[in-house]
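For reference, the structure discussed in these notes is given below.
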Amino acid sequence: AQKVTQAQTEISVVEKEDVTLDCVYETRDTTYYLFWYKQPPSGELVFLIRRNSFDEQNEISGRYSWNFQKSTSSFNFTITASQVVDSAVYFCALSEAGGGATNKLIFGTGTLLAVQP
Amino acid sequence: DVKVTQSSRYLVKRTGEKVFLECVQDMDHENMFWYRQDPGLGLRLIYFSYDVKMKEKGDIPEGYSVSREKKERFSLILESASTNQTSMYLCASSRGSVSGNTIYFGEGSWLTVV
């Protein structure tokens, strides 16, 4: 069965610290897609990144980086030099190719990141 | 810019009322979704639609129905609202041609049933 686990419920850091948000997934599909979304206090889920199961290259976008490891079924997200504006709930999500073109997402329970000034 | 718009950000309804949550997307997406978000449970799929007038149940469809009469609009209906339906509701959309397409979300609707 498919599942996404974000074991960290809440993380609190001080500005400029680096922080890593963990995501572990379960799926039987060989083709799947992983996503990270950010949900600021306003409520909207903002898309951050999409990764397919055949691309294990790590990705960096500014202060954000993602580490995808199929061997451990993990897709971790690191924020370097965190800022107060990074405070939000972050969701990891999985979409299986076996789900067809309907692209249903299975979400983790989210990690609340609080960055203190 | 992609845009998913939910008509109401905050609603307060009474138990037993019929409630409509409206969602419009301007990206010509085939797929549309309604999720419910509750603390500690993440987002759970209520219903989705992959075409006009087509719908499929998600993980928690009980107590809800949906309507998709036009491609850009997807409505969530609570036939008789109950207090356990107090929650944040998120609408989303994606292209439907292949799997794994990015899903884009609206700002959410906070519903309180009293």
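Residue numbers start from 1 in every chain, and the chains themselves are labelled A, B, ... in the order their sequence lines are given, proteins ahead of strands. These numbers come from the heavy atoms of this one structure, side chains and all, not from hydrogens, waters or symmetry mates.
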So what's closer than 4.5 Å to chain A heavy atoms on B:Arg44: side chain, backbone, both or neither?
->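 Contact with chain A: none, neither part.
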Can you tell which part of B:Gln6 gets under 4.5 Å to a heavy atom of chain A, answering side chain, backbone, both or neither?
->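 For B:Gln6, no heavy atom lies under 4.5 Å from chain A.
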Min side-chain heavy-atom separation A:Glu44-B:Tyr104 under 4.5 Å =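 No, side chains not in contact.
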Could you check if a side-chain atom of B:Tyr35 sits within less than 4.5 angstrom of a side-chain atom of A:Leu105, using non-hydrogen atoms only?
->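 Heavy-atom side-chain distance check passes, below 4.5 Å.
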In this structure, would [X] and [Y] fall into the same cluster of hydrophobic residues linked by side-chain contacts under 4.5 Å?
| X | Y | value |
| --- | --- | --- |
| A:Phe68 | A:Tyr33 | no |
| A:Leu48 | A:Leu112 | no |
| A:Phe77 | A:Leu113 | yes |
| A:Trp66 | A:Phe91 | no |
| B:Ile60 | B:Leu78 | yes |

What part of A:Gln6 gets closer than 4.5 Å to chain B, counting heavy atoms only: side chain, backbone, both or neither?
->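 A:Gln6 has no heavy atom closer than 4.5 Å to chain B.
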In Å and rounded to the nearest 0.5 Å, what is the [atom1] to [atom2] distance from [X] to [Y]?
| X | Y | atom1 | atom2 | value |
| --- | --- | --- | --- | --- |
| B:Leu90 | A:Leu45 | CG | CG | 6.0 Å |
| A:Phe47 | B:Phe105 | CZ | CZ | 11.5 Å |
| A:Gln39 | B:Glu107 | CD | CD | 11.0 Å |
| A:Phe35 | B:Thr102 | CZ | OG1 | 5.0 Å |

Given A:Ile106 and B:Asp59, is the side chain to side chain contact (heavy atoms under 4.5 Å, CB included) satisfied, shown in steps?
-> CA-CA 10 Å; A:Ile106 299 130; B:Asp59 300 318; over 6 Å; no
Give the intermediate values and the outcome of side chain to side chain contact (heavy atoms under 4.5 Å, CB included) for residues A:Tyr37 and B:Ile103.
-> CA-CA 10 Å; A:Tyr37 286 85; B:Ile103 296 182; 3.7 Å; yes
